[in-house]
Number of protein chains: 2
Amino acid sequence: MSETLPRPTKPLPAEAAAHDRLYRILRQQILVGEMLPGQALTLRGLGKQFGLSMTPVREALRRLVAEGALTLSSSGRVATPELTNERIEELAALRALIEPELASRALPRAHLALIDRLATINTANAEAVAKADAVSFIRTNLEFHRTLYLRAQAPAMLAVLETVWLQLGPTMRALYDKVPRNEPPRHHRLILAALRAGDEPGLRLAVRTDVTQGLRHLAG
Amino acid sequence: MSETLPRPTKPLPAEAAAHDRLYRILRQQILVGEMLPGQALTLRGLGKQFGLSMTPVREALRRLVAEGALTLSSSGRVATPELTNERIEELAALRALIEPELASRALPRAHLALIDRLATINTANAEAVAKADAVSFIRTNLEFHRTLYLRAQAPAMLAVLETVWLQLGPTMRALYDKVPRNEPPRHHRLILAALRAGDEPGLRLAVRTDVTQGLRHLAG
DNA sequence: CATGCGCCTTTGTGATCACAAACGCGGCAC
DNA sequence: GTGCCGCGTTTGTGATCACAAAGGCGCATG
């Protein structure tokens, strides 16, 4: 055998692992609704698109499948999920269970600086509504919730919740296209008011209605 | 180019994909506490153990990592997680949120045949207690809960819950070893009674206390 | 005897390849 | 004109290899 004639590996001093970078890119796209339900993804296609071989692409896709962000057909094909109404209702119920709990845990730690940050994000959210920008709307909406829940100091609960968000991603976009928002986020203001007042039951209720309100149109 | 001189691939007419079989084996071992917290797993080690190359082993491990069943060190090493008390408390809170909801949804569909099946599983669970068999105890305990929740017809919620169970797996075993059960599952009988009576608030309470009771000793 | 340095081994990452199954498209028969 | 069969192409799966980095162990040194 010849010793070392093939030297295929490029050094490529990227800062992080390739499969992890691709994972983050795809995850973000799915989360904010940049991918439509039913869209197919192929290993070689994504590999060519990002200059990677099949191996890291497969890892990124299988990770997203494991988190429920993508579905795996019987023959191994990967695609964004097309959710049934029943599944949407389940995921909405999970949000309605988990998010008030996280908000409640964040409440004692919610300083004024945090509330100001939330108000700022809410302004950006209202701008996305005005511009009818679905992706910006979804992104700022999730950022509002995540910023609040980060204060709960409950990383395991937040991680579980984010997988629920991920599963709803492609459908949230479809929801927005079907029922375009003509109102700024009314419930977000209720959440901010409850935070300022230190009103725990009011906060739980405001979060819960904010979550269920948005998804009622689609699942109902 | 020579045409086909290397023929490394074995036909191996196994019924399912190799990475998926390995995934199920490891998942079950983690779920019932057959692996202790902090145990390291290597790609080549598992590959040699199961007669596989690194590729399918990597997929199985990364899937379990994505589900939170295993942890990934900064250098890519995979091991069973050593949970902190805070993390255990969070996961217990998630169980206390999700499981009463699933039980409540199962209640209208809980026929007598189901209750009988649950009672049978409960008997096996009591036998595991008598024999001080930690793995059998955990397995039958989870089987009791899963059998009930399957009737809720809520696969997405059940899938999320199972990832929570998975994360608690290695620790539940440690819990059992620390506080060996000397009593048969008292709360399971309360659950069965509430099911028979069609008592929805009682069922929610019984499930919630069953969940929190078992994990209080460790996290407290 | 304790401590730090360096080498060898172990381990994860990514690329490439052979293979089988699924998919799709075109032609052929009725 | 319509339906079906077959072959080429696409796609996922698993094996193997080269490489880099992390870990561990022993040896030399203070």
Side-chain angles (χ1 to χ4, degrees), chain A residues 1-26 35 38-66 69-82, chain B residues 1-26 35 38-66 69-82:
Chain A
M1 271 63 110
S2 57
E3 45 283 284
T4 51
L5 66 89
R7 186 134 34 94
T9 46
K10 291 280 274 312
L12 190 32
E15 57 271 348
H19 67 90
D20 200 64
R21 279 183 293 136
L22 179 58
Y23 163 78
R24 287 180 212 279
I25 291 171
L26 295 178
M35 298 186 124
Q39 193 168 336
L41 300 173
T42 64
L43 299 185
R44 289 173 178 85
L46 286 170
K48 182 161 289 189
Q49 186 177 340
F50 290 90
L52 297 171
S53 79
M54 295 162 50
T55 314
V57 176
R58 205 187 329 182
E59 276 196 66
L61 288 186
R62 299 308 281 251
R63 183 171 173 189
L64 289 164
V65 168
L70 296 173
T71 58
L72 198 62
S73 84
S74 59
S75 64
R77 254 81 164 186
V78 173
T80 54
E82 305 191 66
Chain B
M1 271 63 100
S2 57
E3 45 282 282
T4 51
L5 66 89
R7 187 134 36 91
T9 46
K10 290 281 273 310
L12 188 33
E15 58 271 348
H19 67 89
D20 199 65
R21 277 182 296 135
L22 179 58
Y23 163 78
R24 288 180 211 280
I25 291 171
L26 294 177
M35 299 186 121
Q39 190 168 339
L41 300 173
T42 63
L43 299 184
R44 289 172 177 84
L46 286 170
K48 181 161 288 188
Q49 185 175 341
F50 290 90
L52 297 170
S53 79
M54 294 161 50
T55 313
V57 176
R58 205 190 326 186
E59 276 196 65
L61 288 186
R62 299 309 280 252
R63 184 172 173 188
L64 290 164
V65 168
L70 297 173
T71 59
L72 198 63
S73 84
S74 60
S75 64
R77 254 82 163 184
V78 173
T80 53
E82 305 190 67

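Lettering follows sequence order; numbering is per chain, from 1.
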Would you kindly give the OH-to-P distance between A:Tyr23 and C:dG14, to the nearest whole Å?
15 Å
Quick one: label B:Leu22 by what it contacts on the DNA or RNA (base, sugar-phosphate, nothing), any heavy atom closer than 4.0 Å.
nothing
Among C:dA15, C:dG12, D:dT13, which nucleotide sits nearest the side chain of A:Pro56?
C:dA15
Output all residues satisfying side chain to side chain donor-acceptor pair (under 3.5 Å) with B:Arg58, sequence neighbours left out; order by chain, then residue number.
A:Glu59
Between A:Ser73 and B:Leu61, which residue's closest nucleotide on DNA chain C lies nearer the 5′ terminus?
B:Leu61
Out of D:dG14, D:dG23, D:dC17, which nucleotide sits closest to the side chain of B:Arg77?
D:dG23
Is it the case that the base of C:dG14 and the side chain of A:Arg58 share a donor-acceptor contact (distance under 3.5 Å, atom types as modelled)?
no
Nearest to the B:Ser53 side chain among C:dG14, D:dT13, D:dT16, which nucleotide is it?
D:dT16
What is the nucleic acid contact for A:Leu41, judged by heavy atoms within less than 4.0 Å: base, sugar-phosphate only, or nothing?
sugar-phosphate
Side-chain donor or acceptor of B:Ser75 under 3.5 Å from a matching atom on the base of D:dA21?
no
Once you round it to whole Å, what is the distance between C1' of D:dA15 and CG of B:Leu46?
17 Å
Between B:Pro56 and B:Leu52, the two heavy atoms sitting closest are CG-CB, 4.0 Å
Whole-Å distance separating the NZ atom of B:Lys48 from the C1' atom of D:dT16
14 Å
Whole-Å distance, A:Leu43 CG to C:dA20 C1', equals 15 Å
Check whether any side-chain N or O of A:Thr80 sits under 3.5 Å from a backbone N or O of A:Met35 as a donor-acceptor pair, and report yes or no.
no
Quickly work out the B:Met54 CE to C:dG14 P distance and round it to whole Å.
11 Å
Contacts of type side-chain contact (heavy atoms from CB on, under 4.5 Å), residue A:Arg44, not counting sequence neighbours
A:Met54
Looking only at side-chain atoms of B:Arg44, point me to the closest of D:dG23, C:dT13, C:dG14.
C:dT13
Residue-phosphate contact under 4.0 Å: B:Thr55 side-chain N/O, D:dG14 OP1/OP2:
no
Could you check how far CZ of A:Phe50 sits from C1' of C:dA15, rounded to whole Å?
18 Å
Measure the distance from CD on A:Glu59 to C1' on D:dT13 and round it to the nearest whole Å.
14 Å
Closest heavy-atom contact between B:Pro81 and B:Thr71?
CB-CG2, 3.3 Å
